[in-house]
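So the structure is just underneath, and the comments pick up after that.
Sequence positions, counted from 1, serve as the residue numbers for this chain.
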Amino acid sequence: MGPGAGRAVGGEGVRRHRVAVLVRDGMLPIEVGIVHRIFGEARSADGERLYELVTCALEPGEVRTDTDFTVCVAHGPEALAEADTVVVPASGADYDRAESTAGRLSAELAEALGRIRPGTRIASICTGAFVLAAAGLLDGRRATTHWRSVDDFRRLFPHVELDADVLYTDEGDVLTAAGVASGIDLCLHMVRCDHGAAVANDVARRTVVPPHREGGQAQYIRRPMPESQVSSTGRARAWALEHLDRPVTLRELAACEAMSVRTFTRRFREEAGISPLQWLTQQRIERARQLLEETELTVDRIAAEAGFGTAASLRQHLQSALGVSPRTYRSTFRGPGVGAGATPGPGLGAAAAAAAAPGPGPGSGPGAKERETVGGRRRGRGGGGGGLVA
């Protein structure tokens with residue numbers, strides 16, 4: 001059963017998508033809480049929970065944390081065999097760099113991972129990536145981990161394509177998040193892929209976090225993002241969001257902050273971790289997704305409202321970012337009550353599979369396009385020219 005299985009909710013006998021969180025001694029409570037909070041808050045339009053969560057350990061009982069309390073875990077590794085998604089958070093054991101054990105799985109951990117069914121989606125948070133790499137799940141694939149551990153990771157796992165400059169990576173059935181809070185971004189990304197932007201945005205609102213930070217955003221920003229009232233580019237971003245339906249130039253954005261284009265572009269990158277052009281494109285795509293999910297507007301009208309100008313441009317951007325057409329995205333994620341007889345779709349993975357050519361292998365089809373871009377490092381040309389239009 002692949003990542004797309006077990007996600008439909010509603011109707012007797014249909015079970016929820018099951019997420020298993022594998023914790024180990026030295027676990028970070030915040031990372032375990034992130035998984036439970038994000039997936040646990042996902043609801044259908046009828047208010048039903050979309051996921052079932054279970055925490056498991058190598059053996060049931062007390063598990064040490066990196067703080068002064070322990071956690072009592074009721075389930076053992078047998079829970080992994082029933083999971084549709086397995087999440088492996090960090091552990092103090094990941095920092096054991098003894099030559100005799102570094103980069104290797106213990107017999108108990110290897111046995112536990114062996115219970116996971118083929119096709120199950122597996123994700124790591126922070127140094128949990130060391131476990132996935134030691135199991136061989138990341139060989140030849142892009143992955144990330146906490147920026148402080150990248151040197152050890154590269155030394156231990158030279159066959160992994162480590163990208164230390166991103167928040168998370170998505171290789172389809174294997175995903176990795178950088179450090180701690182980026183687990184929020186990764187879990188929201190999985191919810192978004194499963195059930196659409198509206199559900200993910202609702203979870204973000206409930207959790208009081210930004211609804212979407214692109215996977216390719218810089219992991220470690222030199223200057224933390226300030227609050228909006230003191231942000232040197234906050235007014236420009238707020239103005240741009242109110243004018244997404246029209247062309248926006250760098251000169252206009254810089255004028256909102258009374259800066260030169262060069263200074264504004266530099267400050268924006270420092271605060272947001274990406275260029276103004278990349279940020280604007282992300283906002284336009286998010287606006288288009290919202291309109292496709294929640295309205296009956298035509299694709300031409302949505303393209304205009306989101307600032308893409310033409311339906312062809314919207315199709316090109318959506319295909320590049322998500323690997324599906326506007327029509328496919330709408331049919332997949334349109335909520336009930338929008339249009340006659342509309343029902344929640346089975347998730348982006350199913351939409352991509354339906355659009356793919358018969359018999360695609362791993363990494364092929366429209367779903368692969370999303371893995372390359374949503375979790376990738378797509379750097380735009382956010383140069384200093386004031387005539388840049390986004």
Any Lys/Arg nitrogen of [X] or [Y] sitting under 4.0 Å from an Asp/Glu carboxylate oxygen of the other?
{"X": "R117", "Y": "D84", "answer": "yes"}
{"X": "R115", "Y": "E78", "answer": "no"}
{"X": "E252", "Y": "R246", "answer": "yes"}
{"X": "D202", "Y": "R206", "answer": "yes"}
{"X": "R301", "Y": "E305", "answer": "yes"}
{"X": "D173", "Y": "R121", "answer": "no"}

Gap between atom [atom2] of [Y] and atom [atom1] of [X] - 0.5 Å precision:
{"X": "D163", "Y": "R141", "atom1": "CG", "atom2": "CZ", "value": "16.0 Å"}
{"X": "L292", "Y": "L314", "atom1": "CG", "atom2": "CG", "value": "6.5 Å"}
{"X": "H243", "Y": "L253", "atom1": "NE2", "atom2": "CG", "value": "11.0 Å"}
{"X": "R142", "Y": "E161", "atom1": "CZ", "atom2": "CD", "value": "6.0 Å"}

Just wondering, do [Y] and [X] contact through their side chains at under 4.5 Å, heavy atoms?
{"X": "R267", "Y": "M259", "answer": "yes"}
{"X": "E62", "Y": "V73", "answer": "no"}
{"X": "R284", "Y": "V248", "answer": "yes"}
{"X": "L22", "Y": "V87", "answer": "no"}
{"X": "H17", "Y": "E52", "answer": "no"}

Residues I38, V35; criterion side chain to side chain contact (heavy atoms under 4.5 Å, CB included); working and verdict: CA-CA 6 Å; I38 298 301; V35 181; over 6 Å; no
Look only at the side chain of [X] and the backbone of [Y], and say whether a donor-acceptor pair between them is shorter than 3.5 Å.
{"X": "T207", "Y": "V203", "answer": "yes"}
{"X": "R43", "Y": "G40", "answer": "yes"}
{"X": "D245", "Y": "G307", "answer": "no"}
{"X": "T145", "Y": "C126", "answer": "yes"}
{"X": "S182", "Y": "G179", "answer": "yes"}
{"X": "E294", "Y": "A198", "answer": "no"}
{"X": "R330", "Y": "T295", "answer": "yes"}
{"X": "R237", "Y": "L280", "answer": "no"}
{"X": "D46", "Y": "E48", "answer": "no"}
{"X": "T281", "Y": "L277", "answer": "yes"}

Do you know the tightest heavy-atom contact between [X] and [Y]?
{"X": "S275", "Y": "R269", "result": "CB-NH2, 3.4 Å"}
{"X": "T144", "Y": "A178", "result": "CG2-N, 3.6 Å"}
{"X": "A79", "Y": "C56", "result": "CB-CB, 3.9 Å"}
{"X": "V160", "Y": "A133", "result": "CG2-CB, 4.4 Å"}

What's the verdict on side chain to side chain donor-acceptor pair (under 3.5 Å) for S232 and E271, showing C-alpha distance, side-chain angles and the deciding distance? CA-CA 8 Å; S232 62; E271 293 181 4; 2.4 Å; yes
Decide if the gap between the ring center of H146 and the ring center of F130 is smaller than 6.0 angstrom. no
I'd like to know whether CD1 of I30 has more than 12 heavy-atom contacts from other residues, nucleotides or ligands below 6.0 angstrom. no
Do you see a donor-acceptor pair shorter than 3.5 Å between the side chains of [X] and [Y]?
{"X": "D170", "Y": "H189", "value": "yes"}
{"X": "S325", "Y": "T328", "value": "yes"}
{"X": "T176", "Y": "S124", "value": "no"}

Applying side chain to side chain contact (heavy atoms under 4.5 Å, CB included), run through V23 and V21 and close with a yes or a no. CA-CA 6 Å; V23 299; V21 189; 4.3 Å; yes
As a quick check of understanding, evaluate ring pair (Phe, Tyr, Trp, His ring centres under 6.0 Å) for Y51 and H195, giving each step before the final call. CA-CA 11 Å; Y51 298 92; H195 298 288; 5.5 Å; yes
Dump the intermediate steps for side chain to side chain contact (heavy atoms under 4.5 Å, CB included) on T65 and T70, then the final yes or no. CA-CA 6 Å; T65 70; T70 60; 5.6 Å; no
When you look at L175 and L186, which way does the side chain to side chain contact (heavy atoms under 4.5 Å, CB included) test go after all the steps? CA-CA 8 Å; L175 306 91; L186 179 60; 3.7 Å; yes
